[in-house]
Structure formats: structure tokens, C-alpha cells
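One structure is given below, encoded as C-alpha cells.
Any value given below was found using the heavy atoms of this structure, including those in side chains, with hydrogens, waters and symmetry copies removed. Just so it is clear, the structure is predicted and the values come from calculations on it, not from any experiment.
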Amino acid sequence: MKKNNFYAFLATAAFATTLVACGSSDTGSETDANDSGAGGEEVEGGNANLAMFSPPENLFNPILYTSLYDAHILEITHEGLVQQNEDFSFAPELAEDWSFNEDNTELTYTLRQDVKWHDGEDFTADDVVFTFTSIADPEYGAAGGVRQEYVNTLVGYEEYSSGETDVFEGIEKIDDYTVTFKFNEPNVQALANTSINLLPEHIFVDVPVSEMASHSSSIDVGEIIGTGPFQLTEMLENEQYILTANEDYYLGAPKLDSITWKVVSASVAAGMLEQGELDYIPRDFPAADVATIEGSDSLTIFEQPQLGYQYLGLKINHGPNDSLTDPDTWEANEKLEDVEFRQAIVHAIDRQSFVDGFLRGHGELLDAPFPEASWAYNPDAVEGLAYDPELAEQKLADAGYEDVNDDGFVEDPDGNELVINLDYPVGNPVREQVAPVLKEQLEAVGIQVNLNTPREAPAHFEIIEENDTDVDLFLAGWSLSSGDPDPAPINGGTSAYNYSRFLDEEQEVLLREAVDPELAFDNQEYRREKYGEWAQLFIDNVYSVPLYAESEIHVYNNQLQGLTIKPFTFKDDTHEWFLTE
């Protein structure tokens, strides 16, 4: 996945976690995943080697990055006002406390007074104001920024972002360690929207937002300044990234001297772990390799559901690329205009086979875009489109799609040849295996598919983001925000990530009602019901099809201790990681 709100673009309730401890009968917990006593005596200092399977895009700026792999580094080097507990509730980080005003339109944070940036400068309210004002800046979107949802509900956003005024009223410095966010109306996502990792004002104050992405403090080792327990100090681009301990970290100096991210191929990662070349493969350990290490006395497996999922997108509309999110400029993709045809596509796909085969059972089939990890998960509220090739063929026939020339493939209702283009990226081994099987399954019911040569992920996502393209079907991934499971960032009709370019007013109404402050504020059950109603329309309209949610599989060497693996991150409390003999 190229982008996420982060990874953008998170969900708000706890869920059961499965822990499999290899070589030990002890069980672990979400908070102390490897507290099994498997390690020996603690070693002072040392380095831990971690694996990532794709390189970062080398944009280490917390308001501008778009790659998960940049986030792997930034979430260790930078911090926000709040973090989240295992149950998705919010807890202090750079803020020590917060409060809402009487009508819940203002959120005031009291900041810690003992925090310093990596270069020794004090962290203050000026840094908070600067970060959010930068996101609201008129040049932010053109600079590649995608996090407008963090500021667009604040007072004065429209006026400031349009350039009508040079003062952003939505955030106010009360004193050096107190800051207030002012919302247009009570905001059920207020804490999530103010949780983004922060920028140092003293570094970027004279840098136009339009130039931040290319500034040395966003890309050069040693100049990337955060408040976190480690700082990025060395880099061999696309190969390894070394984070060195911040000895002045306000929660205490890290126990490790360094953490090294190594960019490795998924096909060799398990072997490197067994040979001691890696200490930890977080989140993405290949499901196909789990069986090969289950008997190891030196390795531990930790598995839990993910907030993310993989999906098949359908390009419902095309249009000019200078107005990607303006429905008035869209033109229908005639191949996919018929909803019965789209439903036939879903009935032709054996999604459970992907879970059972490619994931070796380490995952789940989804009908709605809410994985089991999310409090919005509610399978009883929806009726999915089950795998049924005979029903797929019947729907095609009922809609007028017939094989008029006996070549095994249906023509469209006007008798014209019908070929559906399917695009997918490289980089995710399971997704790469799924693509040709999708082609086979669709062609088995008579839908001819042209499977395009896969592209590198950045090129793939650049193409599917565009409107003026020959793309019909595409594969992609998405992750819900741990702060809130609102599906609007990818499914809202005018959302930037709505690559299908689909707009349905009934769905739009339900998405708005689900965050209506008068009904939804502090009322999770109401929101869950609304998302259930919305999910049925999502399923019936078939513009995006959740294929599966992979389990999150962590595997680490038992000599690496102190890990805290939460349902949505493994990068909290890295200052507590340590090695044993």
C-alpha cells in the first residue's frame, strides 16, 4: 500500500490476541509479548536487527510521508501528544493531560515540560501550533500532504487553507506548555485527530511548506529531529537504516545502543532470523514460513488480527486528472456500470481459498471493510456476496451478457467484445499470487480478463489514483486508523483515496450520521449500528471488494526482550527493548 491515512491513514476497542510461544509453554500478553523468561541475563547496550520487506521512500517528515516503511522509522524517532493503550483508549505521550470544554468544541492539552528535541531544544506549545498550522497551509496539498483530516474540522480551516487569512484560528497557544484546539462543532474523533507526530518548529520555521519534503531535515540522516527514544543517524539507502539511542530521552536512556532496519526479501527473511542475522521480523512474517520455524527453541511467534485488509477495487468512473475528487467531471466506466455485472464478479471469486491456501489459514475473509480487530466489526449486520459461480453466470445472463461467438467469454449486452483490465503491484507475495487466480476464477464464469504486468508499488498507485486510465480492476491494501475506524477516508465519495471514483448519496448520509456529534459523541454502539447499515450498501454497490485480512505475525529471537506489541503497533516503548545472553 502506498498510502494510508496514515498509513493515515486507526479503530477503538480491544480484541482477542493469539500468542504462540515456540519452545516455551508460557503464555504472553499484548503488553509484554515476550515476557516468557526465555532470555538469559540482560546485556548492556547492543544492537537489534529488524526486517522490512520494501525500502522507505526516504521522506522522514511526519506530516508528509506516505509510505508504511518510512513510518517504521518515524514512529520510533517522533512522537505525538497522545498514544493509545492496548484497548485503543488514549493515553498521555507528549501531553501529560487534556480536557474538553463544556460543549466539547474545545480540547486543551497540558504538555510535559521535560521533553527535548534530539538537538537539545525544548519541546513547547509552539511546536504543536506549528505542526497543525503547516497541515492547514494553502500549499500543503500541492506539497504531497494527505493528512487534511487532522485539521479540516478546526475553526478557520477553510479560510486559512484557501489563503483568505494568514491566521489559523483553530489552534491557540495559551502558554508555553498549554495549547487549545477549537472545533467547528463537537468532534467524536478529536483525540485521534490531534494525535499526529509533531514537527520541530525551530527547524522548519523558515521553510515554506511547499519545500519541506525536499529540505535536508526531512531526508538527511543526522538532521531529522524528533523527540523519540532513537534518532536516524546512518543510512545505506534502500539497504539499511540505523537508529541510535537518544541518551537524553525524557523517559530514560534506551537500553539498546541502536536499532537497525534491514531491507530484505521476504523469501529469505525466515532463514536470516534462524541464522541470527535478524532479531525481529515485525508484523509481516510470511504465513507460508510459519510451519518451518514452529519447533524452534530460540524463536517466538506472536500472532494477532490486523486492522488492515486487501481489496479488489473497481474503477466505476473515469475523468480528467485535474479534478480527481470532483464527481461532476467523472464519466462512467461503461464496462462496470451495471451493478449486476459487478455482483457477478464477486460471486465468481473464491475468497476463502486465498485465506486457506496462500495465507495457510493465518487470516480471515471479510464482506465489509472492518476487520475483526475493529470495534466496527459486525458480521451479523450484513449479508455478503458469497462465492457461487453458478449464481455469477446467472446474473451475467439476466443482465444480458452472453457468449455470442462461442469463444468461452461473454460479450456485453450490445454484443461488443468485453475485456476487463486487472492491475496489481509487486512487493506483497500473497497479493502477487492472488492476481492470476482472480483472472482464472473470473474467466471460469465467462468474464475475459487482461492481467497487466505488475508494477512497482509507487507506479501502481500513481496510476490507479488517476482518473484518465484504462484500469478496470485493481488490487490494493488499506488499514483502518487505530484512532477511529471511520471508513470515509477511502469510501467517501470525494475522498482522495476513493480510487474507484464511486459516489452514492445514501452511503454519504450514513457516513455523516455515524460521526454526527449530537448522536455519536461518546456513543460507540450508535456508530456501530450506522456502520452496519452503511456496510450493507457498500457490499450491494460493489465498487470495492474486501478479499481477506492477513493475520499480523511477529517472529523474534528470544534474546530480544522488552517488546510491547499492541493491536496496532509494535513501536511503542522501544526504549525498554533489551538483549540477553
Side-chain angles (χ1 to χ4, degrees), residues 6 61-64 74-75 77-84 90-138 140 145 147-157 159-161 165-184 186-187 189-209 212 215 217-218 224-229 231 246 248-251 483:
F6 223 62
N61 183 301
I63 71 169
L64 290 171
L74 280 165
E75 289 173 11
T77 61
H78 289 66
E79 298 169 308
L81 294 172
V82 292
Q83 58 181 326
Q84 288 181 276
F90 286 92
E93 191 165 46
L94 294 180
E96 61 182 15
D97 198 8
W98 62 84
S99 62
F100 286 92
N101 67 347
E102 196 167 310
D103 67 357
N104 294 314
T105 59
E106 294 186 2
L107 171 59
T108 298
Y109 284 103
T110 302
L111 310 182
R112 296 184 64 115
Q113 299 187 29
D114 58 350
V115 178
K116 293 186 180 295
W117 294 96
H118 290 150
D119 60 2
E121 292 289 324
D122 289 337
F123 163 74
T124 71
D126 290 325
D127 301 304
V128 183
V129 173
F130 179 78
T131 299
F132 286 87
T133 302
S134 296
I135 299 174
D137 190 275
Y140 177 70
R147 295 173 178 80
Q148 290 87 346
E149 73 269 17
Y150 289 98
V151 294
N152 62 14
T153 58
L154 294 172
V155 172
Y157 169 74
E159 294 82 358
Y160 186 76
S161 64
T165 177
D166 57 3
V167 177
F168 185 27
E169 297 179 14
I171 182 168
E172 179 183 0
K173 172 186 173 182
I174 307 302
D175 58 43
D176 282 348
Y177 295 99
T178 311
V179 63
T180 294
F181 291 85
K182 301 178 181 181
F183 297 91
N184 289 311
N187 182 358
Q189 301 166 319
L191 288 170
N193 287 352
T194 53
S195 65
I196 192 170
N197 288 341
L198 301 171
L199 288 171
E201 186 219 25
H202 66 282
I203 296 293
F204 289 101
V205 65
D206 295 323
V207 181
V209 171
M212 276 189 185
H215 191 269
S217 294
S218 297
I224 298 158
I225 305 298
T227 60
Q231 182 179 10
N246 172 14
D248 297 321
Y249 187 52
Y250 61 92
L251 294 178

>> Donor-acceptor check, side chain of N104 to backbone of P186, threshold 3.5 angstrom: yes or no?
In response: no
> Would S134 and I63 count as a side-chain contact (heavy atoms from CB on, under 4.5 Å) if you check the C-alpha gap in whole Å, the side-chain angles of each, and the deciding distance to 0.1 Å?
Replying inline: CA-CA 8 Å; S134 296; I63 71 169; 3.8 Å; yes
> In Å and rounded to the nearest 0.5 Å, what is the CG to CG distance from N61 to L199?
Replying inline: 5.0 Å
>> Testing the 3.5 Å rule here: is there a donor-acceptor pair between the side chains of Y250 and Q113?
In response: no
>> Within this structure, what is the CD1-CD1 distance for the pair I203 and I224, rounded to the nearest 0.5 Å?
In response: 11.0 Å
> Just how far is it from atom CG of L64 to atom NE2 of H215, taken to the nearest 0.5 Å?
Replying inline: 12.5 Å
> Closest heavy-atom contact between T131 and N197?
Replying inline: CG2-O, 4.1 Å
>> Looking at H118 and I225, would you say the former's side chain and the latter's main chain have a donor-acceptor pair under 3.5 Å?
In response: no
> Is the closest basic N to carboxylate O distance between K116 and D248 below 4.0 Å?
Replying inline: no
> Could you give the distance from CZ (F100) to CZ (F183), rounded to the nearest 0.5 Å?
Replying inline: 6.5 Å
> Do the charged groups of D176 and K173 touch, with an N to O distance under 4.0 Å?
Replying inline: yes
> Roughly how far apart are E159 CD and E169 CD, rounded to 0.5 Å?
Replying inline: 7.0 Å
> Can you find a pair of side-chain heavy atoms, one from L111 and one from V128, that are under 4.5 Å apart?
Replying inline: yes
> Does the side chain of T110 come within less than 4.5 Å of W98's, by heavy atoms?
Replying inline: no
> Would you say the side-chain atoms of T194 and Y109 include a donor-acceptor pair closer than 3.5 Å?
Replying inline: yes
> Under the side-chain contact (heavy atoms from CB on, under 4.5 Å) criterion, do Y140 and S161 qualify, and how do the steps go?
Replying inline: CA-CA 8 Å; Y140 177 70; S161 64; over 6 Å; no
>> In the structure I gave you, are the side-chain heavy atoms of D137 and Y160 within less than 4.5 Å of one another anywhere?
In response: yes
> Do T105 and D103 have side-chain atoms, one donor and one acceptor, less than 3.5 Å apart?
Replying inline: yes
> How close do V205 and H202 get, heavy atom to heavy atom, and via which atoms?
Replying inline: CG1-O, 4.2 Å
> Just how far is it from atom CG of L81 to atom CZ of R112, taken to the nearest 0.5 Å?
Replying inline: 12.5 Å
> Does any donor atom in the side chain of T227 or E79 lie under 3.5 Å from an acceptor atom in the other side chain?
Replying inline: yes
> Mind checking whether F168 and Y157 have parallel, tilted or perpendicular rings, split at 30° and 60°?
Replying inline: perpendicular
>> Can you confirm whether the side chains of W117 and D122 place a donor and an acceptor under 3.5 Å from each other?
In response: no
> Is the F181-F132 ring centre distance short of 6.0 angstrom?
Replying inline: yes
>> Test your reading of the model: is there a side-chain donor-acceptor pair from E201 to the backbone of D126, 3.5 Å cut-off?
In response: no
>> Go through it in stages, so that I can follow the logic: the residues are L198 and H78, the test is side-chain contact (heavy atoms from CB on, under 4.5 Å), and I'd like the CA-CA distance, side-chain angles, deciding distance and then a yes or no.
In response: CA-CA 7 Å; L198 301 171; H78 289 66; over 6 Å; no
> Judged by atom type as modelled, is there a donor-acceptor pair below 3.5 Å linking the side chain of D127 to the main-chain atoms of T124?
Replying inline: yes
>> side-chain contact (heavy atoms from CB on, under 4.5 Å) for E172 and V179? Distances and angles first, verdict last.
In response: CA-CA 6 Å; E172 179 183 0; V179 63; over 6 Å; no
